[in-house]
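This report concerns only the one structure given below.
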Amino acid sequence: MITGDMEKLYPSAKTLVKDCVASRIHGKDATLYDFSDEARACAENFMGWTDLASHPACSLEHIQEFADKAVADGIETVVLIGQGGSTQAPMTITKYNKQDHNRVEFRTLDSDSPVRLREVLATADPRTTLVIISSKSGGTIEPRLVLSALRDAFSQTLPADELARHLVAVTDPGSELERQAGEEGWRAVFSGEPTVGGRFSALSVFGLLPAALAGIDLRALMDHAVEAERLCSEDAIDNPAINLAAFLFDNYLKGRNKFSFLTPKRGRVLGLWIEQLVAESLGKDGQGILPNIEIDTLLLTSDPGDRSVIMYQTKADLWDESKNFEMSLAYIDPAIPRQHYRIDSVEELAEHFIMWEYAIAMCGYLMKVCPFDQPDVASAKAVVLDILRDGQPAPDFTQDFIDEVRMGEVEVRLAPMFADCTDVRAALKALLGSVKPGDFFALNAFLPFTGEGRREALEAIRHDVAESFGVVSCLEVGPRYLHSTGQLQKGGPNMGVFLILSADELKDVPLAREAESLGALAKAQASGDLITLADRGRRCVHLHLPDNSGVTLRCLAEVVNEVIADLLVDRALEADDVPAEAPAEA
C-alpha cells in the first residue's frame, strides 16, 4: 500500500476531515467548489475520475483482449501520439516499466520536433507498428499535424487501406477524430469518458490501453488502485491524500509555493505527470504551487524559504544508484519541509496516481481554485492559431549569432518591459537581472532534447541560473509544457522569468495543411507563448536560433553564463557602494 513518511500532521488535515472533503470528492459532490458558479459548474462536469478504480469507465477485459491480439498479430512497436494528459500517464507507466519487461517497444511522440519524429521513424517498422492517436477533443493541433507527417512517412511502405489498420484512436465520443477513424476504417476506436479531464485520466482508457500493450496486467494494476481509492476517500486523519494536501497547502500558506521533486532517474517520469497535475490544476486566478523536478540536491543545501521537498525512492537496477540517491538527500537543509514516498513496482503507480489526484482536488478546495479547468492553456492555443493564419510577428531585432562566430541570425522578441534592449546580451542581462528572491526561472525550449550536447547545454543554463540566483529553475520541453506548467506560468502568481527558445530546422518536415512544416508549428508556438506571457505582464524573452545543433546551444549556454557573471559582479559592486550604517551613539 502507499508507503510514505510524514514528518508531522499539518493543521489543514483536520479541516479536510471535519468538512468530509475526501468522501464528498468520491461522491462527486460539486458543491465543494461553490465558491463561484463557474467552478461549481466545471466540477459538475469533470468529477468522473473519482471512482475510476472501483467503477471503471471502460471494459478492462476488452482492452486486455485487444492488446493481446495486437501483439499476437506481430505488433512489436507502439507509437503514442498526443499531448498533455493524453500522454503523461501512459509515458509514466511505460517508461517506468520499460527497463523490466515491456513486451513492445513503446514510443511517446508529444513533440513537434522534426528531429524527434525522425528518431521515432528510424526505429519503427511500419509493418509491425501500431500508432495510437490520443486526444479527448480530437482536435488538438500537435497530434493532428504529427499524425499527418507520420502517415506520409508510413505511406511509403504501406498502402492506404493497410495503413489504416495500424491506427487506433482514443478519444471522447462524437469527436472529429472518432469520425475520421470510422470513415477511414482504423483498427479500433476506444471511447473516453467525457467527465474525466485529461490530467485526471491516468486510470481511464487513455492510460490503460498503453499499459496493456506494454504487457502490464490491468487487473493487478487496478487492484492496487481500488485499495488506494478506498483509503483516499475516507474522512480520516491517516488518509494519505489528506496528508499530502495538507503538506502542500499549509506550506503554501507559509510562502512555500514551490516544491522540488527528487527521485532516482527512473522515477522522474512520474514527476512529469505530477508536474502537469499540480501546475495546471492549481495555477490560476493569481494562485498556484509550482512543481520542479530537481536533479541536484546541492541546490538545496540552504533553505531559501519558498519551497518544500517531495522525495520518491523508486526501483533501480543497481544498488549503487539507490544508495547514491539516499546519500544525496543528506545535503538538503533540514529546515526545508519534506515528504518521502516509495514505489517498488509499476502496479504501485496506480496508488500514487489516485493519491495525487485526490490531494490536488483537496488543495483546490482549500485554495478556492477550480482544479478542473485550464483557461490560460486555451487562450495560448488561440494565439498560435492566429499566428499560423496571419504569419509570424516580426522580431524586435535580429543579430548575428553570436560574437565573432557566424552561425546565422538569431531573431529576438521581447516583452514590453525589455523593449529598450537592442542586442542579445542586453536582452539576457535585462531578463536575468529581473530575477529576485521568491521568483522562479523557466527555460521553455521548443527544441529536440536528443542528440549530442543538446540537453546538456540546456541543463547547464537551467543549473547556472538556479545556482547563481538561488531560485527554482525549470527546464521545460515545448510544446509539452504548454499543456502543463504553461497554465501556471500564465495564470498563476507573477513570479516567473521566462527564456523561450526555438530554432530553424536543418531538415524540416513539410506539412500539407495548417502549418508550412513542423518547424513552423514549433516557432509559432514559441512566439505565441511570448505574446501570451507578455500580455499577462510576465518577464519573458524569445530567442529563435539559427539552428538547434549541440554546438549552437553550447554557445548560447556560454553567453548566458557570461551574462550571469556580469550580473553577479554588478550586484557585488552595488553592495559595496551601499554605505555602512553609522554606529549607534553611546
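Numbers here simply count residues along the sequence, with the first being 1.
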Self-check item: Trace of the side chain to side chain donor-acceptor pair (under 3.5 Å) decision for Arg219 with Gln64
Solution: CA-CA 9 Å; Arg219 181 52 59 192; Gln64 194 75 61; over 6 Å; no
Quiz item: Strictly under 6.0 Å, is that where the ring centroids of Tyr358 and Trp49 end up?
Solution: yes
Practice problem: Verify the distance criterion only: is there a donor paired with an acceptor across the side chains of Ser379 and Arg536 at less than 3.5 Å? | Solution: yes
Practice problem: With the side chain counted from C-beta on, respond yes when Val369 and Lys284 share a heavy-atom pair under 4.5 Å apart, and no when they do not. | Solution: yes
Self-check item: Separation between CD1 of Ile132 and OG of Ser86, rounded to the nearest 0.5 Å
Solution: 11.5 Å
Exercise. Would you mind reporting whether Arg480 and Val477 have side-chain heavy atoms less than 4.5 Å apart?
Key: yes
Quiz item: Are Cys58 and Leu208 side-chain neighbours, meaning at least one heavy-atom pair lies under 4.5 Å?
Solution: yes
Quiz item: Do the two ring centres, one from Tyr33 and one from Phe372, sit under 6.0 Å apart?
Solution: yes
Self-check item: Distance-only side-chain donor-acceptor flag, Ser527 / Gln392, under 3.5 Å
Solution: yes
Practice problem: Give the intermediate values and the outcome of side-chain contact (heavy atoms from CB on, under 4.5 Å) for residues Leu533 and Lys490. | Solution: CA-CA 6 Å; Leu533 287 166; Lys490 300 170 182 69; 3.6 Å; yes
Self-check item: ring-ring contact (aromatic ring centres under 6.0 Å, His included) against Tyr252, all qualifying residues, sequence neighbours excluded
Solution: none
Quiz prompt | Distance-minimising heavy-atom pair for Cys232 and Asn239 | solution = O-ND2, 2.8 Å
Quiz item: Between Phe66 and Phe190, does the ring centre distance come in under 6.0 Å?
Solution: yes
Exercise. Mind running side-chain contact (heavy atoms from CB on, under 4.5 Å) on Phe249 and Ile289 for me, showing each step along the way?
Key: CA-CA 9 Å; Phe249 178 70; Ile289 297 174; 5.9 Å; no
Exercise. Taking all heavy atoms of Lys28 and all of Gly48, pick out the closest pair and write down the distance.
Key: CE-CA, 3.9 Å
Quiz item: Is there side-chain contact between Phe106 and Leu80, with heavy atoms separated by less than 4.5 Å?
Solution: yes
Quiz item: Under a 4.5 Å cut-off applied to non-hydrogen side-chain atoms, are Gln525 and Leu521 in contact?
Solution: yes
Quiz item: Are any of the side-chain heavy atoms of Arg144 and Arg513 separated by less than 4.5 Å?
Solution: yes
Quiz item: Any side-chain heavy atom of Val472 within less than 4.5 Å of one from Phe259?
Solution: no
Practice problem: Would you kindly say whether Gln313 and His340 are connected by a side-chain donor-acceptor distance under 3.5 Å? | Solution: no
Quiz prompt | Main-chain N/O of Met495 paired with Lys436 side-chain donor or acceptor, under 3.5 Å | solution = no
Quiz item: Can Val346 and Leu349 be said to form a side-chain contact (heavy atoms from CB on, under 4.5 Å), step by step?
Solution: CA-CA 5 Å; Val346 68; Leu349 283 172; 3.9 Å; yes
Quiz item: Looking at Phe206, Trp273, Phe200, which hits ring-ring contact (aromatic ring centres under 6.0 Å, His included) with Phe353?
Solution: Trp273
Exercise. Using side-chain hydrogen bond (donor to acceptor under 3.5 Å, both in side chains) as the criterion, point out the one residue from Gln83, Lys381, His483 that pairs with Glu142.
Key: His483
Quiz prompt | Nearest heavy atoms of Cys474 and Leu290, plus distance in Å | solution = SG-CD2, 4.1 Å
Self-check item: Arg266 to Tyr96 six-membered ring, cation-pi geometry met (6.0 Å, 45°)
Solution: yes
Practice problem: I would like to know whether Thr31 and Asp29 meet side chain to side chain donor-acceptor pair (under 3.5 Å); could you show each step before the answer? | Solution: CA-CA 5 Å; Thr31 64; Asp29 182 358; 2.4 Å; yes
Self-check item: Aromatic ring proximity Tyr312/His352, centre distance under 6.0 Å
Solution: yes
Quiz item: Taking it one step at a time, do Leu262 and Val309 satisfy side-chain contact (heavy atoms from CB on, under 4.5 Å)?
Solution: CA-CA 7 Å; Leu262 299 169; Val309 168; 3.6 Å; yes
Practice problem: May I ask you to check whether over 12 heavy atoms, not counting those of Asp37, lie within 6.0 Å of atom CG? | Solution: no
Practice problem: Establish, from distance only, whether the side-chain atoms of Glu476 and Thr485 form a donor-acceptor pair under 3.5 Å. | Solution: yes
Exercise. Assess whether side chain to side chain donor-acceptor pair (under 3.5 Å) is satisfied between Ser204 and Glu193, documenting all intermediate values.
Key: CA-CA 8 Å; Ser204 75; Glu193 169 51 56; over 6 Å; no
Quiz item: What pair of heavy atoms forms the shortest contact from Val168 to Trp186, and how long is it?
Solution: C-CE3, 3.9 Å
Quiz item: At what distance, to the nearest 0.5 angstrom, does OG of Ser54 lie from CZ of Arg230?
Solution: 12.0 Å
Quiz item: Going from CZ on Arg307 to CG on Asn292, what distance comes out if it is rounded to the nearest 0.5 angstrom?
Solution: 7.5 Å
Quiz item: Do Phe498 and His542 pass the ring-ring contact (aromatic ring centres under 6.0 Å, His included) test, and can you show the C-alpha distance, the side-chain angles, and the key distance before you say yes or no?
Solution: CA-CA 8 Å; Phe498 308 99; His542 171 207; over 10 Å; no
Quiz item: Asn444 and Gln489: which non-hydrogen atoms are nearest, and at how many Å?
Solution: ND2-OE1, 3.0 Å
Quiz item: Got Asp235 and Val21 here, is their nearest side-chain heavy-atom distance under 4.5 Å?
Solution: no
Quiz item: Between Leu388 and Glu514, what is the shortest heavy-atom contact and its length?
Solution: CB-O, 3.7 Å
